[in-house]
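This report concerns only the one structure given below.
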Amino acid sequence: MQSLLQNASEILRENDLGTYTVPTHGLYPFQWNWDSCLTALGQAYFDEERAWREIETLFAHQWEDGMVPHIIFHKEDDGYFPGPDVWSTGRDVPTSGITQPAVAGFAIKRLFDRAKDRELADAKARALLPKVKAWHDWFFANRDPQGTGLVAILHPWESGRDNSVDWDAAFERVPTDGVLPFIRRDLQHADADHRPTQAQYERYIWLVQLFRSLDWDNSKLHDASPFQVVDPGFNGILLRSCMDLADLADALGEVEVAESSRAQAGKGIAAMDTLWSDARGQYLCQDRVLGELIDSPSVGGLLAAFAQIPSERAATIAARITTIAEQVNYLVPSHDPASSDYDGKRYWRGPAWLIVNYMISDGLSRAGQTAVAQRIAQSSVKLIEQSGFAEYYDPKSGEPCGGTRFTWTAAMVIEFISQTQLE
Ligand code: DGY
């Protein structure tokens, strides 16, 4: 375990560019939103100040309307597509124009709770609190205009689960005409069989071009987008962050932030039940344009357990993961292996990801499902021992896929080993 911890720390340091950390050199040469927040948890083990700075840097690029972009293009690098010229968001330091899972509220609460340097933690958390709250408020104002309690993603990249089977049907509504010619750079760094397809990339870019034509005006994007999906995993992360922000605000004596955040979490958790499927034993995405559930058994519906869902839902999700475990050697596949759409090497259509494992395990553990939580943690560490610090893994063979020497995988290994009583 000691050598794993040492290797993980080395990877964090090697990908650290001073004020932010790249997910991996080459494939992802900038700062990514949820990568940074989860990375900070690993950094805190050897440098709390550095961990806070990772999240501060991200929030230094928050938009005036409250949105926190999914990529900050701190410096030029033509090894990535789509770069700043494609997004064209008109910012001094260029950023993308869409967002990513709102894990910052959870991350700062965790840094705060564990901090050895209490004075530093108090000052940093106090400064970040209103910024994270503004981001949450932005979500509910702009991505839930009807006030349902749940937010929609408008682009698959927002979910973080870029090419999940969940989006396939809704993506049929996204055309590709008018997409300007482009050269993908990801295929220079990673195996094409592990990445999204060309057809998916054309649709990704069509949506970017649509939003750009609306001058990235977030008051217009939701209704204009032919792709509006309510993802239980994405909402689970946001609602967990709302609840954690409420608790953090209580600790800091910020009563209004606490009350408002708790109300957001409560309303969202109640609404989450509209996404539950008894037949699948998990939550499902909803296609907001059609007003229908999407019958796709992906890990998004298990990841919802990161939020404070009802205990009977958590128990059913734990049972479902136990069933899934019979079909794979490593938990948790990003799509049901029994489905004909399952592809064990292709990004979010089957592979296991350590960050998802960490969040599911954390949520199930809080819900009292400790045996399955522990099993996920053990499986995660075994995977890294056998296959190294990759971006994601084939859940049957354990083959490492995507990028190598991956930052958030390293951070999660540190978390799993330090926080869990692994046998
Ligand atoms: C990519 O480029 O693959 C990212 O996931 C988009 O954020």
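Atoms within a ligand are numbered from 1 in the order they appear, just like the ligands themselves. Since the model is a prediction, treat every value here as computed from it, not as a measurement.
Judged by the 6.0 Å distance and 45° axis criteria, Arg184 is positioned over the aromatic ring of Tyr201.
Partners of Glu391 under the salt bridge (Lys or Arg N to Asp or Glu O under 4.0 Å) rule, at least two apart in sequence or in another chain, do not exist in this structure. For Asp362, the salt bridge (Lys or Arg N to Asp or Glu O under 4.0 Å) criterion is met by Arg110, Arg240, not counting sequence neighbours. Under the salt bridge (Lys or Arg N to Asp or Glu O under 4.0 Å) criterion, Asp341 pairs with no residue at all, not counting sequence neighbours.
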Give one line per pair: atom of ligand 1, protein atom, distance. Only N/O to N/O under 3.5 Å.
residue  : atom  : partner : partner atom : Å
ligand 1 : 2 (O) : Tyr80   : OH           : 2.6
ligand 1 : 3 (O) : Arg195  : NH2          : 2.8
ligand 1 : 3 (O) : Tyr347  : OH           : 3.1
ligand 1 : 5 (O) : Asp162  : OD2          : 2.6
ligand 1 : 5 (O) : Tyr347  : OH           : 3.1
ligand 1 : 7 (O) : Trp32   : NE1          : 3.1
ligand 1 : 7 (O) : His70   : NE2          : 2.8

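Checking Gln264 against Asp137 by side-chain atom types alone, a donor-acceptor pair falls below 3.5 Å.
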Inset, instruction - Under the salt bridge (Lys or Arg N to Asp or Glu O under 4.0 Å) rule, what do Lys345 and Asp193 come out as? Steps first, then yes or no, please. - result: CA-CA 7 Å; Lys345 296 190 194 345; Asp193 289 343; over 6 Å; no

